[in-house]
Amino acid sequence: MEKILSGKPLAKLIQSKIKSLIENERFQPKMLLIQIGEDPASSYYVQNINNIGNKLGCEVLNNIYPADFSQDDLLTVLDNANRDISINGIMLQKPLPSSFDELKIAETISPQKDIDCLNPINLGRIILEEDGLFPCTPLAVICTLKYYKIEVEGKHIVIIGRSSIVGKPLANMLLWKKPYANATVTVCHSRTKNLEELTRSADILIAALGKPAFVTEDMIQSDSILIDVGINQITDKEGRQLYVGDIDYNSCFDKALAITPVPGGIGSVTSSLLFLNLVKACFSAHHINKSIDDFLNYILLE
Ligand code: NAD
């Protein structure tokens, strides 16, 4: 197994497989990408999504609304997009204005077009192990483990972080009765008392808490596999802006069996998987029903 679990070759593989899927069909998947306000980090991410979409032959309709856009207007945009048969997937760029009711908005996005997996119906399907559209970051972790042929079944996986977009769905996906899951999962959070004892018991440690270099060498066991979901912007001593993960890469590198880098790790895979969801939603709209396992096998096994 490689020591550095780079996301770049996997992202490239996912993109090339998605591109050939699209080339072989008569339809072009179309995403509505909604951004409210022009937060620089959001604009950077949105630009990246546009670039990937263009490269893969998808249409990305990028609607940018002013920062004072109202919730009612957003709900109308979503209702119209749900009804518009030319739109296959809806992606709502966060952050939203703080006064918005995020649950109501998530419930308004049609579950069939919910490519960022915000709707409670899609989140519920994860627990029931039913097929649907799955959240891209947890899926990126699953794909990374599968791509690097890391045995997950029966392993003790400790996740730090219990958010609804990463920690909780990922924990449930790793519990799926599937050969690439079947793990024993412990989820830690800000109120966990014996955090270090738990992280040291992990065969695979996944950090998703949003605290730069939080996990240090003394918190891991030798030969553990470290998956870093965190993306934190910091300023170094020379005043440069950098991105670092939640794991202290340098201190943990020697002791770990393998580690994902930041940047160039899970984050690189995540944005490509948004297009996997788009293609899946588009295929379903054309009555071509392929499960997530069909897609993962096509990408990773063939
Ligand atoms: P969040 O703030 O919603 O949740 C953080 C979680 O960490 C909470 O459940 C909290 O209980 C836990 N936590 C905080 N401090 C802790 C502590 N000291 N000890 C133990 N647990 C603690 O964050 P999020 O949206 O899940 O994002 C987490 C990180 O992942 C961020 O750095 C974010 O930028 C990154 N992220 C990356 C991707 C990607 O594609 N790679 C996608 C989404 C988020």
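For ligands, and for the atoms within them, numbers begin at 1 and follow the listed sequence. One is the number of the first residue; the rest follow in order along the sequence.
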Practice problem: For ligand 1, note which part of K211 has a heavy atom under 4.0 Å away: side chain, backbone, both or neither. | Solution: side chain
Quiz item: Can you tell me the protein heavy atom closest to atom 42 (C) of ligand 1 and the distance?
Solution: T137 OG1, 3.1 Å
Practice problem: Looking only at protein heavy atoms, identify the closest one to atom 17 (C) of ligand 1 and say how far it is in Å. | Solution: L209 CD1, 3.7 Å
Self-check item: Pair K290 + D131, salt bridge at N-O below 4.0 Å
Solution: no
Practice problem: Just need the protein heavy atom nearest to atom 29 (C) of ligand 1, so name the residue and atom and give the distance. | Solution: G210 N, 3.6 Å
Exercise. Could you give me the CA-CA distance, side-chain angles and deciding distance for V60 and N54, then say whether side-chain contact (heavy atoms from CB on, under 4.5 Å) is met?
Key: CA-CA 8 Å; V60 179; N54 289 336; 5.6 Å; no
Exercise. Tell me, please, whether F253 has K3 positioned over its six-membered ring: NZ or CZ under 6.0 Å from the ring centre and within 45 degrees of its axis?
Key: yes
Exercise. I would like to know whether E23 and K19 meet salt bridge (Lys or Arg N to Asp or Glu O under 4.0 Å); could you show each step before the answer?
Key: CA-CA 6 Å; E23 281 167 357; K19 193 160 184 259; 3.6 Å; yes
Quiz prompt | Same apolar cluster: L118 and L33, side chain cutoff 4.5 Å | solution = no
Quiz item: Which of the atoms of ligand 1 are close to R162, meaning less than 4.0 Å from one of its heavy atoms?
Solution: 6 (C), 8 (C), 9 (O), 11 (O)
Quiz item: Donor-acceptor pair, N194 side chain versus E197 backbone, under 3.5 Å?
Solution: no
Quiz item: Tell me, which protein residue and heavy-atom name are nearest atom 26 (O) of ligand 1, and how many Å apart are they?
Solution: S163 OG, 2.5 Å
Practice problem: Look at ligand 1 and say whether V229 reaches it with a heavy atom at a distance under 4.0 Å. | Solution: yes
Quiz item: Among protein heavy atoms, which sits nearest to atom 11 (O) of ligand 1, and what does the distance come to when rounded to 0.1 Å?
Solution: S190 N, 3.2 Å
Quiz item: Nearest protein heavy atom to atom 32 (O) of ligand 1: under 4.0 Å?
Solution: yes
Quiz item: Can you list the atoms of ligand 1 that are under 4.0 Å from a heavy atom of N232?
Solution: 32 (O)
Quiz item: Which heavy atom of the protein is the closest neighbour of atom 25 (O) of ligand 1, given with residue, atom name and distance?
Solution: I165 CD1, 3.6 Å
Self-check item: Side-chain donor-acceptor contact under 3.5 Å, D84 with S86
Solution: yes
Practice problem: Would you mind listing which atoms of ligand 1 come within a distance below 4.0 Å of any non-hydrogen atom of G161? | Solution: 6 (C), 7 (O), 9 (O), 12 (C)
Quiz item: With a 4.0 Å cut-off on heavy atoms, is G167 touching ligand 1?
Solution: no
Quiz item: Under 4.0 Å from ligand 1, counting heavy atoms only, is it the side chain of I231, its backbone, both or neither?
Solution: both
Self-check item: atom 2 (O) of ligand 1 within contact range, any protein heavy atom under 4.0 Å
Solution: no
Self-check item: Which residue and heavy atom of the protein sit nearest atom 40 (O) of ligand 1, plus the separation
Solution: T270 OG1, 2.9 Å
Quiz item: For ligand 1, does T192 get within less than 4.0 Å through its side chain, its backbone, both, or neither, judged by non-hydrogen atoms?
Solution: neither
Quiz prompt | Between Q35 and S43, a side-chain donor and acceptor under 3.5 Å | solution = yes
Exercise. Please work out which of the three classes, parallel, tilted or perpendicular, describes the rings of F27 and H286, given edges at 30° and 60°.
Key: parallel
Quiz item: Is there a donor in the side chain of D73 and an acceptor in the side chain of T76, or the other way round, less than 3.5 Å apart?
Solution: no
Quiz prompt | Protein heavy atom at shortest distance from atom 18 (N) of ligand 1 | solution = F214 CE1, 3.5 Å
Exercise. Could you check whether the rings of W176 and Y180 sit parallel, tilted or perpendicular, using 30° and 60° as the cut-offs?
Key: perpendicular
Quiz prompt | Contact atoms of ligand 1, heavy-atom distance to I160 under 4.0 Å | solution = 20 (C), 21 (N)
Exercise. Check ligand 1 against G267 and write out every atom of the ligand that is under 4.0 Å from a heavy-atom position of the residue.
Key: 40 (O), 41 (N)
Quiz item: Would you call D293 and K178 a salt bridge, taking side-chain N to carboxylate O under 4.0 Å as the test?
Solution: yes
